[in-house]
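We name chains A, B, ... by the order of the sequence lines, and we start the count at 1 in each one. Just so we're clear, the structure is a prediction, and the values are computed from it rather than from any experiment.
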Amino acid sequence: MKRAQPYQPSEIEPKWQAKWEKDNLYRSLIDYSKKKHYALTMLPYPSGDLHIGHWYAMAPSDARARFMRMRGYNVLFPMGFDAFGLPAENAAVKHGIHPKQWTYSNIERMRKQLRSMGAMFDWEREAISSDPEYYRWTQWFFLKLFKHDLAYRKMAPVDWCPQCNTTLAREQVWGEDRHCERCGTPVIKKNLEQWFFRITKYAEELLDFSHLDWPERVRVLQTNWIGRSEGAMVRFSTEQGDDLEVFTTRPDTLWGATFMVLAPEHPLVEKITTPEHREEVAEYVLLTLRQSDIQREALGKEKTGVFTGGYAVNPVNNERIPIWIADYVLMTYGTGAIMAVPAHDERDFEFALKFGLPIIPVIQHPRALRKSLIRRSFVTEEFVQYLQENHMAKGEDQGALEVSLEEDQINDFVVHAQRGLTHGWIEIVGAEWMFIFPDQTLTLSSIQADREILARIQRIDAATRSYRTTMEYLWNQPYYRDVLYHAEYGDMIHSGELSGTKGEEAIQKVIRWLETRGIGQAKVNYRLRDWLISRQRYWGAPIPIIYCSRCGIVPVPEDQLPVLLPEDVEWLPTGESPLKLHPTWRFTSCPTCGGPAERETDTMDTFMCSSWYHLRYLSPKYDQGPFDPEEYDYWMPVDTYTGGIEHATMHLIYTRFFHKACRDMGITKGPEPMIQLRNQGIILGEDSEKMSKSRGNVVAPDELVEKYGADTVRAYLMFFARWDQGAPWSSTGIEGTARWLRKVWATILEEPQTQNQASPETLRTLRRKVHQTIRSVTRDYEQFEFNTVISSLMELLNVMVDAKEAGAFGTPEWEEAIDIYLRLMAPATPHIAEELWFLLGKPYSIHTQPWPEVDEEAAKEEMFTLVIQINGRVRDRVELPVSASEEEAKRAALESPIVQKHLSGSAPKQVIYVRGRLVNIVVN
RNA sequence: GCCGAAGUGGCGGAACUGGCAGACGCGCGCGACUCAAAAUCGCGUUCCCUCGGGAGUGUGGGUUCGACUCCCACCUUCGGCACCA
């Protein structure tokens, strides 16, 4: 027996990596004779150490890129670094190293670690966002956006991270406590003059995913983030004659608007506040401003607000309604003002009840009961009998009958009620809003009616005198509570000429009605805000703007780019941009008038750098533009993009916006930058907790590579979980993958220990499994199902081991099997595949070989297991040739002794036959 | 509260078109080799059982000859949003 050399990844892996690099094996050049495939994995931040998460993102992506290459595509799979950003500055503060030095030495280290992965990166295309040759073009894009009015500067309340000492985009503020996405510190509000990109201009187009093959999850996240809502703008006016516009999604409830609420910051507040309310309003505004957003938006917080003394006119019914201010109305959404319809909006309902504002129902509840609480003391005994005889009284509580009525009982009830009332009144609420008095019936249909009803019942019952509105009285009858408020669609009531409008057409009909009268129109509103890109930090691309006292905001001329970052700065965090504290850098001359001027000292959000890195990869050294148009036309768009889902509402929305804006400026082409997106999951620590240094559960890929070799790590990462889900790490699990590779090695290289002559069946079975595996591995790579790629290969190996034992070694079928096996494993485990390929004397390199084709004939099964069920339960199995007819299958099933026993003479009711699978005998 | 996803052995997972539930691997058990260990190999491994079977894919219903797969309701976990008018 010949023993082969043992499998030594630490020897073969560096050897092949060096050779591939020397031979330029992964250089990706334009080749018009081939179909291109641009595979991109998200740009890593050079934090200093490649962690297992990087491997998890990149190694399976690399395997797939390699697979595409073997399938005949010209594949571009580039790598680079998102090299600007805060950690470099934090390290500078902590260790006294310059951010640039820290960053570039980290990059050096990570390049080495990345090379140990054996990935097919084309390093000639590496791009580093902090290189002046890179950020020159980041600045150039800024200027283009500025020129096309897509970048603008404004004073605004912005989110500020006190830990990072900088402003953040809305997308970078996370969670209920509104913390900084990077460091977890709760943010505060600051009023600052900042630069924004007009991403909101693209809100509608960003909702269109029809050109994208992206996970549903990401599309839903982005859709929710953009937050489209349809409704109407309605023009109310103040008594002073100012227009007061509101956005509403429920124009059908307009007739129920009984007051208005402005955000405390609303510009009209000053003007409408009357002298006697001035002090109270000023105090409230101040209080609101002092509160953090977290306090202000804390849920479950009781509503607060104050009356301004001012009044508005509801344009649909000319009702005079009070204007309040309250912090539950946000200046940043809609117009910063709302019409309050307390009967059909939970927040307004709560507010109205608290402050005694009238509540008028204007939408019929689709299912509500008609409820009435009838005090015995108000009515005759005959009437009580009437209620009981007709089963209207369902209960009794403290001398009051709890009545509920069907629609067809109402008329009869009203007649009896008026006769039965000795004094007092009877109300019906829910699907009706009637107050029946002996002499008349009133309906709660307007503010006026609310006052009349309240006045009458207060005259009758002194106990109701503390109530400020009719609804407040009703609310204090617990029996009514569930029918007093609802936010559903329904038929319009109490709405003047539009009363009776059906729920399903109400909104559209009201909008048309408003439009013909010129008091409102349809309007779509978005939750999305413009992208705040100013950062008060040093290590970023300077915003290429100059402020001149004579010429105002002046863009740096393109030919003066890049605006270089000075290297001699103080980085100690002060809350001001370090560039502002530099003794000379900010002082310059105006490009327009030549007079003294100052540079913008803020730098750009690093998401700006990563919005276009996929373009810089195309031609990282090109200096006539951000990218070489020829490269663009060949490679773009990105065909598959892989990375984590955490960027769903940040990078992935920014880069889509960026592409669309550039398209409209004539720079890029096509609807989308990245066609197919796939997300990998997260690897947890072995304790099922999130990996972190403090928990001590971090898995270090360098150590794994040293112990097992890169191929084992790559294969294990592909195998151990569904790629899109991730799972806890297992240090015993990886042993299984290591065993698999050792077994491959031994199976292919070692002489067999058997004298057996392989039977034709053995060889046939071997070939069948080989070709079936080509089919499944190909399909699984296409679908990013990497775990089953590896398990199929393991299965095939098990069959090969059996075949070898049975004497297949050395036969043509065996040679074919190992040839195909190595090709199939080459994308996942490139080094061992290359080494074995080499040892077998096959032509270098396996990675330039074509992907194997399925021989359909060989893959065909000859026999199959016919499952025999009785009443859907498996009772027996029998082997049949694939060619067996329905009759043969049914006969085989019915002849089965087990079936005979179960049938015990009786005839089957039905026999169901599924070709190639089963026979199901139904016997009752 | 709203939106979304996921629940399958001790664990990661497979079952891709409604048709054998648990592929592949980990772990575990027994055995072989060995003075011994490591490595390797073989067998077993969803649960219950009176050895005939029975139960079983989060729970409860439904559709179907047949449901992990389709429908309805619910529970749990995770993610996102959150006074967005």
Pairwise 5' ranking along RNA chain B for A:N920 and A:R527, keeping only the more 5' one: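 Between the two, 5'-proximity favours A:N920.
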Map A:S776 and A:L918 onto RNA chain B by nearest heavy atom, then report which one ends up closer to the 5' terminus.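 Mapping each residue to its closest nucleotide by heavy atoms, the 5'-most match is A:S776.
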Rounding to the closest angstrom, what is the interatomic distance between [N] and [M] at atom [atom1]?
| N | M | atom1 | answer |
| --- | --- | --- | --- |
| B:U17 | B:A5 | C1' | 24 Å |
| B:G58 | B:U77 | C1' | 10 Å |
| B:G25 | B:C43 | P | 12 Å |
| B:C24 | B:A38 | C1' | 25 Å |
| B:U8 | B:G4 | P | 22 Å |
| B:A15 | B:G60 | C1' | 25 Å |
| B:G44 | B:G10 | C1' | 16 Å |
| B:C11 | B:U57 | P | 16 Å |

Between [X] and [N], does any side-chain N or O lie under 4.0 Å from OP1 or OP2?
| X | N | answer |
| --- | --- | --- |
| A:R178 | B:A82 | no |
| A:N787 | B:G12 | no |
| A:R875 | B:G54 | yes |
| A:Q725 | B:G13 | yes |
| A:N798 | B:G25 | yes |
| A:R739 | B:G27 | yes |
| A:S229 | B:A85 | yes |

Paired with [N]: which nucleotide, if any, by Watson-Crick or G-U wobble criteria at under 3.5 Å for both distances?
| N | result |
| --- | --- |
| B:C51 | none |
| B:A67 | none |
| B:C2 | B:G80 |
| B:G7 | B:C75 |
| B:A32 | B:U40 |
| B:G27 | B:U45 |

[X] [atom1] to [N] [atom2]: how many Å, rounded?
| X | N | atom1 | atom2 | value |
| --- | --- | --- | --- | --- |
| A:Q753 | B:G42 | CD | C1' | 14 Å |
| A:L717 | B:G12 | CG | P | 17 Å |
| A:I321 | B:A85 | CD1 | P | 19 Å |
| A:N871 | B:G66 | CG | P | 8 Å |
| A:R779 | B:A14 | CZ | P | 12 Å |
| A:L684 | B:G13 | CG | P | 10 Å |

Measure up the [X] and [Y] rings against each other and bin them: parallel (under 30°), tilted (30 to 60°), perpendicular (over 60°).
| X | Y | value |
| --- | --- | --- |
| A:F247 | A:Y333 | perpendicular |
| A:F209 | A:W214 | tilted |
| A:W531 | A:Y654 | parallel |
| A:W723 | A:F784 | parallel |
| A:Y485 | A:F349 | tilted |

How about CD1 on A:I682, more than 12 heavy atoms from neighbouring residues, nucleotides or ligands closer than 6.0 Å, or not?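 Count not over threshold, so no.
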Check A:R367 with A:E488, please: is the shortest side-chain N to carboxylate O separation under 4.0 Å?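 The answer is yes: the pair qualifies as a salt bridge.
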[options]: which one has an atom nearest the side-chain heavy atoms of [X]?
| X | options | result |
| --- | --- | --- |
| A:D327 | B:C16, B:G80, B:C83 | B:C83 |
| A:R742 | B:U40, B:C24, B:G12 | B:U40 |
| A:Q910 | B:A85, B:C41, B:C65 | B:C65 |
| A:V874 | B:C20, B:A85, B:G13 | B:C20 |

Give one of base, sugar-phosphate or nothing for [X], where a contact means two heavy atoms less than 4.0 Å apart.
| X | value |
| --- | --- |
| A:G726 | sugar-phosphate |
| A:F719 | base |
| A:W740 | nothing |

Is A:K909 side chain donor-acceptor paired with the B:C65 base, going by distance under 3.5 Å alone?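 There is none.
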Taking donor-acceptor contacts at under 3.5 Å, does the side chain of A:R917 reach the base of B:C20?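 A donor-acceptor contact between them is absent.
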Identify which one of A:V362, A:V341, A:L514 satisfies the side-chain contact (heavy atoms from CB on, under 4.5 Å) criterion when paired with A:L254.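 Option passing the side-chain contact (heavy atoms from CB on, under 4.5 Å) with A:L254: A:L514.
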